Amino acid sequence: MIRLAIQKSGRLSEDSLNLIRECGISFLSSSYKLKTEATNFPLEILYLRDDDIPGYVQDGVADLGIVGQNVLVEAGLPHLEIEGLGFSKCRLSLAVPRAAAYDSVADLQGKNIATSYPEILGAYLRERGVEANLHTISGSVEIAPSIGLAEAICDIVSSGSTLLGNGLREVETVFRSEAVLIAHQKMSAEKKEILEQLQFRMQAVRRARRNKYILLNAPTAALDAVKALLPGIKSPTVTPLAEEGWVSVQSVINEDDFWHITGQLKAVGAEGILVLPIEKMIS
Ligand SMILES: Nc1ncnc2c1ncn2[C@@H]1O[C@H](COP(=O)(O)OP(=O)(O)OP(=O)(O)O)[C@@H](O)[C@H]1O
Ligand SMILES: O=P(O)(O)OC[C@H]1O[C@H](OP(=O)(O)OP(=O)(O)O)[C@H](O)[C@@H]1O
Ligand SMILES: [Mg+2]
């Protein structure tokens, strides 16, 4: 049995649970139960505050954890990271009141900056030779300038609406973050094997999410042009249609290329294009 710590409730919770479920792992969850066992995989899930997860994994109380890189690096434990998970992407940024003058980070010399990330921000400012007074607060950081606590802040930004809503302007990106899988460094051989199985499943799920299955009909004369647009995993599957001079083509395309490629496929004569989600993709 391997023990995985995830955030109990917050920005990481839903995506962490979805990833585990998409790996085909079933478990019961309820808002008051802080520990649950999977029914079809040797996994126990602990629901914790995200700030506590790196320490628990470092100490081996949990074998694995899912946490934001920002929290991991702030805790001084970046070596625990084993894999990026591609969700909860955000950045840690410096921001100042919209009307405040700001040319470069040197303008923060001697200023008061409110943040929940004194370690990451401290290192960033030190590298740039800037000395500032950091005020560590644990939340609602964006309020600090308007109540006279600080002249600048450093906090998580995603859409930027919290900054906008509080009259602030983003001036520097200090750190880019996403959710990561972390692991205790000394695991038994049995646990390592379970981890390998879990990573194999997670990678299959993530690869599937990035790709789409595409089916289309094309005139045989256009096949070379269609093939050139659809490299597929190895090469596209081509089967003749009942109608003479037509083929059906099946392949896999990257989500990012999807609109661009389907437009080009139509232009070379493809018809009846179907695009389907892929559930798992194993290379
Ligand atoms: N707006 C956002 N968009 C995307 N990811 C975010 C956003 N805000 C935070 N995150 C990421 O999600 C993580 C958890 O954020 P959340 O706000 O839920 O933390 P928290 O309030 O500290 O939770 P906890 O109660 O567990 O301590 C952050 O450390 C960061 O990596
Ligand atoms: O750029 P935005 O899209 O506005 O997101 C940024 C906000 O999201 C996070 O807070 P969250 O909403 O998770 O609340 P919290 O302070 O309770 O953690 C973060 O601390 C910012 O305040
Ligand atoms: Mg927290």
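These numbers were taken from a predicted model, which means no experiment stands behind them. In each ligand, atom 1 is the first atom listed, and ligand 1 is the first ligand listed.
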Among all the protein's non-hydrogen atoms, which is closest to [atom], and how far away is it?
atom	value
atom 25 (O) of ligand 1	R49 NE, 2.8 Å
atom 17 (O) of ligand 1	R11 CG, 3.6 Å
atom 29 (O) of ligand 1	N70 ND2, 2.9 Å
atom 22 (O) of ligand 1	D50 OD1, 3.3 Å
atom 11 (C) of ligand 1	C90 SG, 4.0 Å
atom 8 (N) of ligand 1	I156 CG2, 3.5 Å
atom 21 (O) of ligand 1	Q7 NE2, 4.8 Å

Close-contact set for ligand 1 against [X] heavy atoms, below 4.0 Å:
X	result
S88	5 (N)
S158	1 (N), 2 (C), 3 (N)
G10	18 (O)
G68	31 (O)

Checklist line | Per-residue contact class, V71 against ligand 1 - non-hydrogen pairs under 4.0 Å | finding: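 V71 to ligand 1: side-chain contact only, backbone stays beyond 4.0 Å.
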
Q.
Are any of the N/O atoms on Q69, whether in the backbone or the side chain, positioned under 3.5 angstrom from an N/O atom of ligand 1?
A.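 No; the residue has no nitrogen or oxygen that sits under 3.5 Å from a nitrogen or oxygen of the ligand.
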
Task: Of the N, O or S atoms in D51, the one nearest the Mg ion (ligand 3) - done: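 The D51 atom nearest to the Mg ion (ligand 3), restricting to N, O or S, is OD1.
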
Looking at D50, pick out the N, O or S atom nearest to the Mg ion (ligand 3) and give its name.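 The Mg ion (ligand 3) is closest to the D50 atom OD1, counting only N, O or S.
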
(request) Examine distances only and state if a side-chain atom of D257 and a backbone atom of I253 form a donor-acceptor pair shorter than 3.5 Å. (result)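 Checking the backbone N and O of I253 against the side chain of D257, no donor-acceptor pair under 3.5 Å is found.
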
Keeping the roles fixed (side chain from S88, backbone from E178), state whether a donor-acceptor pair exists under 3.5 Å.
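Pair absent, no side-chain N/O of S88 close to backbone of E178.
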
Q.
Just to verify, which of I45, L195, L80 counts as forming a side-chain contact (heavy atoms from CB on, under 4.5 Å) with L64?
A.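 It is L195, the one option of I45, L195, L80 that forms the side-chain contact (heavy atoms from CB on, under 4.5 Å) with L64.
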
Treating Ile, Leu, Val, Met, Phe, Trp and Tyr as nodes and any side-chain heavy-atom pair under 4.5 angstrom as an edge, say whether V141 and I120 lie in one connected cluster.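 Hydrophobic grouping puts V141 apart from I120.
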
Q) Given the rule that I, L, V, M, F, W and Y join up when any side-chain heavy atoms are under 4.5 Å apart, are L72 and L46 in one cluster? A)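 Linked within one cluster.
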
inquiry  = I'd like to know if the side chain of S93 pairs up with that of E170 as donor and acceptor (distance under 3.5 Å, no hydrogens or angles considered).
reply    =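 S93 vs E170: donor-acceptor pair found between side chains.
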
Q. When you check the side-chain N and O atoms of Q203 and E83, is any donor under 3.5 Å from an acceptor?
A.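 Yes - a donor-acceptor pair under 3.5 Å links their side chains.
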
Review point. Cation-pi between R126 and Y124: NZ/CZ under 6.0 Å from ring centre and within 45° of the ring axis?
Key: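 Not satisfied by the 6.0 Å and 45° rule.
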
Determine, for F87 and R11, whether the Lys NZ or Arg CZ falls below 6.0 Å from the six-membered ring centre while staying within 45 degrees of the axis.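 R11 over F87 ring: no.
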
Does the side chain to side chain contact (heavy atoms under 4.5 Å, CB included) test come out yes or no for I82 and I182, once each step is laid out?
CA-CA 5 Å; I82 55 168; I182 61 174; 5.9 Å; no

Query raised in the report: For E193, does the CD atom sit with more than 12 other heavy atoms under 6.0 Å from it, leaving out its own atoms?
Result: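 Result for CD/E193: open.
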
Should we count NZ of K280 as having more than 12 external heavy atoms under 6.0 Å?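 Correct, the count exceeds 12.
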
Could you check ligand 2 for N or O atoms lying under 3.5 Å from protein N or O atoms and list the pairs with distances?
{"residue": "ligand 2", "atom": "1 (O)", "partner": "S158", "partner atom": "N", "Å": "2.8"}
{"residue": "ligand 2", "atom": "1 (O)", "partner": "S159", "partner atom": "N", "Å": "3.1"}
{"residue": "ligand 2", "atom": "1 (O)", "partner": "G160", "partner atom": "N", "Å": "2.8"}
{"residue": "ligand 2", "atom": "3 (O)", "partner": "S159", "partner atom": "N", "Å": "2.9"}
{"residue": "ligand 2", "atom": "3 (O)", "partner": "S159", "partner atom": "OG", "Å": "2.6"}
{"residue": "ligand 2", "atom": "4 (O)", "partner": "S161", "partner atom": "OG", "Å": "3.3"}
{"residue": "ligand 2", "atom": "4 (O)", "partner": "T162", "partner atom": "N", "Å": "2.9"}
{"residue": "ligand 2", "atom": "4 (O)", "partner": "T162", "partner atom": "OG1", "Å": "2.5"}
{"residue": "ligand 2", "atom": "8 (O)", "partner": "R11", "partner atom": "NH2", "Å": "3.3"}
{"residue": "ligand 2", "atom": "12 (O)", "partner": "R11", "partner atom": "NH2", "Å": "2.9"}
{"residue": "ligand 2", "atom": "13 (O)", "partner": "R11", "partner atom": "NE", "Å": "2.9"}
{"residue": "ligand 2", "atom": "20 (O)", "partner": "D155", "partner atom": "OD2", "Å": "3.3"}
{"residue": "ligand 2", "atom": "22 (O)", "partner": "E142", "partner atom": "OE2", "Å": "2.7"}

Q) Got R21 and F27 here, is their nearest side-chain heavy-atom distance under 4.5 Å? A)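 Heavy-atom side-chain distance check passes, below 4.5 Å.
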
**OP:** List the steps and the verdict of side chain to side chain donor-acceptor pair (under 3.5 Å) for Q7 and Y47.
**Re:** CA-CA 6 Å; Q7 190 187 26; Y47 299 90; over 6 Å; no

Worksheet entry | Residue-ligand contact K89/ligand 1, heavy atom below 4.0 Å |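 Heavy atoms of K89 do come under 4.0 Å of ligand 1.
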
